[in-house]
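Excluded from the calculations below are hydrogen atoms, water molecules and symmetry mates; all remaining heavy atoms, backbone and side chain alike, are included. In the text below, chain A, chain B and the rest are named by the order of the sequence lines, each starting its count at 1.
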Amino acid sequence: KKHKKGKVEGAEKVGKKGIKKEKVLEEEKEQEVEKMEEEEEREEGAGGEMEGKDEVGKGSGDGKGVKEEEKLGETQSTGMEQEKEEEEGKGDGPEKEKKKKSRKKKLEGEEQEKEEKKREEEETPGKSRKRKSKEGGGEKNNKKARKEEGKEVENKWKWWEEEKKEDGVKWTQLEHRGPYFAPLYEPLPEDVRFYYAGKPLKLSLATEEIATFYAKMLDHEYTTKEIFQNNFFHDWRKEMTSEEQEIIQELAKCDFSEIHKYFVDKSEARKALPKEEKQKLKEEADKIQEEYGYCILDGHREKIGNFKTEPPGLFRGRGDHPKMGMLKKRIMPEDVVINCSRDSKIPEPPEGHKWKEVRFDNTVTWLASWTENIQNTLKYIMLNPSSKLKGEKDWQKYEVARRLKDVVHEIRARYRADWKSKEMKNRQRAVALYFIDKLALRAGNEKEEGETADTVGCCSLRVEHIRLHPRLDGQEHVVELDFLGKDSIRYYNKVAVEKQVFKNLQLFTKNKDPSDDLFDRLTTTFLNKHLQHLMDGLTAKVFRTYNASITLQEQLKALTNSEDNVAGKLLSYNRANRAVAVLCNHQRSVPKTFAKSMEILQTKIDAKKKQVEEAQQELKKAEDELEDTKDAKAEANVEKKKKLLKRLEEQLARLNVQATDKEENKQIALGTSKLNYLDPRISIAWCKKFGVPIEKIYNKTQREKFAWAIAMANEDFEF
DNA sequence: ATTAAGACTTGGAAAAATTTTC
DNA sequence: GAAAATTTTTCCAAGTCTTAAT
């Protein structure tokens with residue numbers, strides 16, 4: 001039931017696989033291609049060709065384009081503002097030193113450790129890596145593990161200094177406790193009732209449990225959606241006893257409000273718990289984390305990412321998901337496959353249960369898996385991003401992207417040439433690749449229709465997702481893109497493209513229905529095969545990584561002012577980060593408290609302005625007095641006032657920076673790019689170069705994830 | 001060659017924890 | 001010292017790409 005490529009849905013029904021129709025279409029298209037070629041030759045007689053390799057490259061700014069595009073300018077809002085923050089004062093104001101309180105974490109081991117490493121590591125992981133330390137597993141650091149607040153500071157495993165395993169083998173030892181199962185259902189107290197048609201109705205345990213899933217979500221928008229309601233009700237009824245099925249016929253007659261209230265109260269009560277109680281809960285959670293949250297991998301204790309099975313509940317798809325509201329079943333040990341090493345202590349299933357299977361597959365990285373019942377896909381328990389297995393892969397990803405940097409000019413020249421290919425397939429591939437490169441679109445795999453929300457990426461774009469404007473707002477050849485991408489996030493952009501691209505798009509849309517594929521001859525597989533041929537390891541997503549990272553590097557270079565204080569530099573960093581987030585279309589919904597919090601900030605700024613003015617007047621007065629009296633006391637007073645004014649101005653400047661940053665960040669989500677697209681070594685090099693502490697840009701978790709980069713990048717790192 | 005299954009990365013929202021403010 | 005604001009962590013869905021099966 002996949003949305004098939006080349007299939008023309010619409011008026012005429014398509015025969016078996018639509019072969020005949022496709023053939024015809026193909027011939028027509030090839031003819032069109034020829035027609036265009038003739039036209040092209042006529043137009044380009046006068047040496048208007050622009051295939052010179054040098055010109056293909058990216059300009060200093062963002063402009064990947066060449067001549068034509070430069071003339072046209074950019075419509076695409078990249079958010080790469082160049083302007084500097086004027087009001088930012090010089091000299092670094094007091095870095096809001098936080099009270100020590102009773103918190104000691106700040107000074108924990110990891111903070112100190114980083115000084116040790118200075119050496120840059122440039123080798124590609126996965127390729128021959130020199131062995132830097134002989135100790136394989138279980139290396140004992142002579143530094144005694146310190147205790148702090150009862151927490152141990154562990155010796156970090158510097159896996160990046162070790163030799164890489166042979167290809168495909170992910171580990172030699174893997175031992176863990178298996179997943180931690182979601183707590184069993186606790187029945188509602190007697191006095192919390194469900195009502196049907198106004199009358200209390202005692203539900204069976206299973207039915208009641210599912211009712212609570214819905215009740216908990218009552219004030220969520222989901223429950224107002226018809227699809228959600230229908231899916232829920234359908235699945236709920238399936239689990240009812242026949243008596244219940246008999247009675248409960250309509251969701252509208254179900255009253256969950258008492259149940260809802262029960263859970264609201266419960267969560268409030270939990271929040272209001274006395275300190276000791278909370279402490280106790282925390283300790284229990286810590287114990288579970290201690291027991292189940294780690295595994296032993298090749299002699300090292302590694303943190304697991306998600307060691308708990310997902311609890312049962314109602315499926316919440318994103319966007320217009322056809323399955324929203326369906327019942328997500330409870331995962332039982334009988335559903336779970338365990339993966340560990342043969343000679344390890346094999347995890348015990350919970351009392352009275354068995355695992356579905358125990359296997360010993362060292363070519364994969366997961367510890368346990370199960371099949372989820374909504375989409376019938378696998379879910380895995382895997383390691384935390386701080387682990388070797390994840391870190392190494394991450395490093396490798398950036399190395400692939402850096403290799404793309406070396407050949408991207410040729411690749412661009414190649415796809416530009418292919419815009420005139422005689423083969424429709426190749427032409428489509430070339431235009432798609434241009435989008436992927438220029439606009440950082442995702443590849444766009446085919447999806448099963450009706451199983452998921454209707455979202456697209458590049459290769460799955462449909463005619464209805466673009467509009468072609470020969471002229472728009474004083475620009476030529478503007479493509480207006482409007483579609484729902486991953487997670488049903490809208491992508492909307494008006495972008496001036498080169499004439500040849502524009503003509504191709506006209507060709508691709510000709511005689512098609514809005515719901516037809518724009519690139520009907522193209523699949524991600526075909527595209528990626530081609531890319532693989534151009535560079536080892538190259539796939540569509542590498543372009544996103546590459547363009548994100550290179551953009552950060554360029555923007556940091558362009559925006560950072562070494563005269564700025566740390567706050568000012570951080571604003572530059574955030575802006576560079578933001579440019580990337582905009583490029584990748586990482587959006588968030590405006591935080592609910594945004595307007596209010598902005599207002600508060602503005603009030604503060606106004607108050608501070610007033611203070612500055614007052615201080616100015618005071619200073620004036622003091623100066624006048626000095627003028628009159630010329631005595632030492634008056635002079636000292638002037639100095640004092642000057643100092644005060646300066647401090648206030650700095651404070652004001654900082655507030656302004658904060659406000660600017662906040663406003664610009666309103667709808668932009670920085671997290672994903674920071675975590676997944678930006679080579680951390682770029683940021684670390686920047687920190688070192690400009691004297692910004694790494695903690696200012698990466699929090700503890702992030703520093704753990706990027707430990708490899710922190711250890712190996714120095715200030716001259718170049719992506 | 002095509003489809004399906006499998007493995008792993010990427011994604012924003014929501015919950016929880018922490019810090020700031022009053 | 002509690003409420004509010006902000007940051008961090010958790011959660012789990014939804015992509016990409018590879019591999020296996022047919």
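Phosphate proximity of dC8(B) to Lys390(A): absent, as no side-chain N or O sits under 4.0 Å from OP1 or OP2. Between dG15(C) and Lys447(A), a contact under 4.0 Å exists linking OP1 or OP2 to a side-chain N or O. Proximity of Thr455(A) to the phosphate of dG15(C): a side-chain N or O atom is located under 4.0 Å from OP1 or OP2. Close to dG15(C), at under 4.0 Å from its OP1 or OP2, lies no side-chain N or O of Asn445(A). Between Lys323(A) and dA13(C) there is no side-chain N or O to OP1 or OP2 distance below 4.0 Å. Phosphate contact (OP1/OP2 of dA7(B), side-chain N/O of Lys170(A), threshold under 4.0 Å): absent.
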Summarise protein proximity over nucleotides 10-15 of chain B in one line of letters, 5' to 3': B for base, S for sugar-phosphate only, - for none, counting protein heavy atoms closer than 4.0 Å. BBSSS-

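Look at OH on Tyr380(A): it is 15 Å from C1' on dC12(C), rounded to the nearest Å. In this structure, Glu695(A) atom CD and dT7(C) atom C1' are separated by 16 Å, rounded to whole Å. Distance, Leu273(A) CG to dA16(B) P: 13 Å, rounded to whole Å. At whole-Å resolution of the value, CG in Asp536(A) and P in dT18(C) are 11 Å apart. Following rounding to the nearest Å, Leu538(A) (CG) and dT16(C) (P) show an atom-to-atom distance of 15 Å. Distance CD (Gln289(A)) to C1' (dT9(C)): 11 Å, rounded to an integer number of Å. In this structure, Met326(A) places its CE atom 12 Å from P of dA13(C), rounding to the nearest Å.
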Go through the steps for Arg462(A) and Leu518(A) under the test side-chain contact (heavy atoms from CB on, under 4.5 Å), then give the verdict. CA-CA 5 Å; Arg462(A) 299 191 295 262; Leu518(A) 176 63; 5.9 Å; no

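Among the protein residues, Pro591(A) comes within range of no part of the nucleic acid, since none of its heavy atoms lies under 4.0 Å from any strand. Among the atoms of the strands shown, none is found under 4.0 Å from any heavy atom of Lys278(A). Among the atoms of the strands shown, only primed sugar atoms or phosphate atoms (P, OP1, OP2) are found under 4.0 Å from some heavy atom of Asn528(A). Within the 4.0 angstrom heavy-atom criterion, no nucleotide atom of any strand lies near Ala453(A). In this structure, Lys674(A) reaches neither bases nor backbone, as no heavy-atom distance under 4.0 Å exists between it and the strands shown.
Set against dC12(C), dC11(C), dC8(B), the side chain of Lys379(A) has dC12(C) as its closest nucleotide. Nearest to the side chain of Lys328(A), among dT9(C), dC12(C), dC17(C), sits dC12(C).
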Side chains of residues 302-316 of chain A: which donor-acceptor pairs under 3.5 Å do they make with residues two or more places apart or in other chains?
unit_1	atom_1	unit_2	atom_2	d
Glu302(A)	OE2	Lys388(A)	N	2.9
Asn306(A)	OD1	Met382(A)	N	3.2
Asn306(A)	ND2	Tyr380(A)	O	2.9
Thr309(A)	OG1	Ala182(A)	N	3.2
Glu310(A)	OE1	Lys328(A)	NZ	3.0
Glu310(A)	OE1	Lys379(A)	NZ	3.1
Glu310(A)	OE2	Lys379(A)	NZ	3.2

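Judged by the 6.0 Å and 45° rule, Arg703(A) forms no cation-pi pair with Tyr698(A).
Residue pairs meeting the side chain to side chain donor-acceptor pair (under 3.5 Å) criterion with at least one partner in residues 365-374 of chain A, sequence neighbours excluded, are Glu372(A)-Thr377(A).
Residues satisfying the side-chain contact (heavy atoms from CB on, under 4.5 Å) criterion with Asp487(A), sequence neighbours excluded, are Arg318(A), Ile489(A).
Not less than 6.0 angstrom separates the ring centroid of His465(A) from the ring centroid of Tyr491(A).
Within residues 365-378 of chain A, the residues having any heavy atom closer than 4.0 Å to DNA chain B are, in order of number, Thr365(A), Trp366(A), Leu378(A).
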Between the protein and nucleotides 2-5 of chain C, list every N/O to N/O distance that falls short of 3.5 Å.
unit_1	atom_1	unit_2	atom_2	d
dA5(C)	OP2	Lys596(A)	NZ	3.4

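In terms of position along DNA chain B, the nucleotide closest to Thr525(A) lies nearer the 5' end than the nucleotide closest to the other residue of the pair Met382(A) and Thr525(A).
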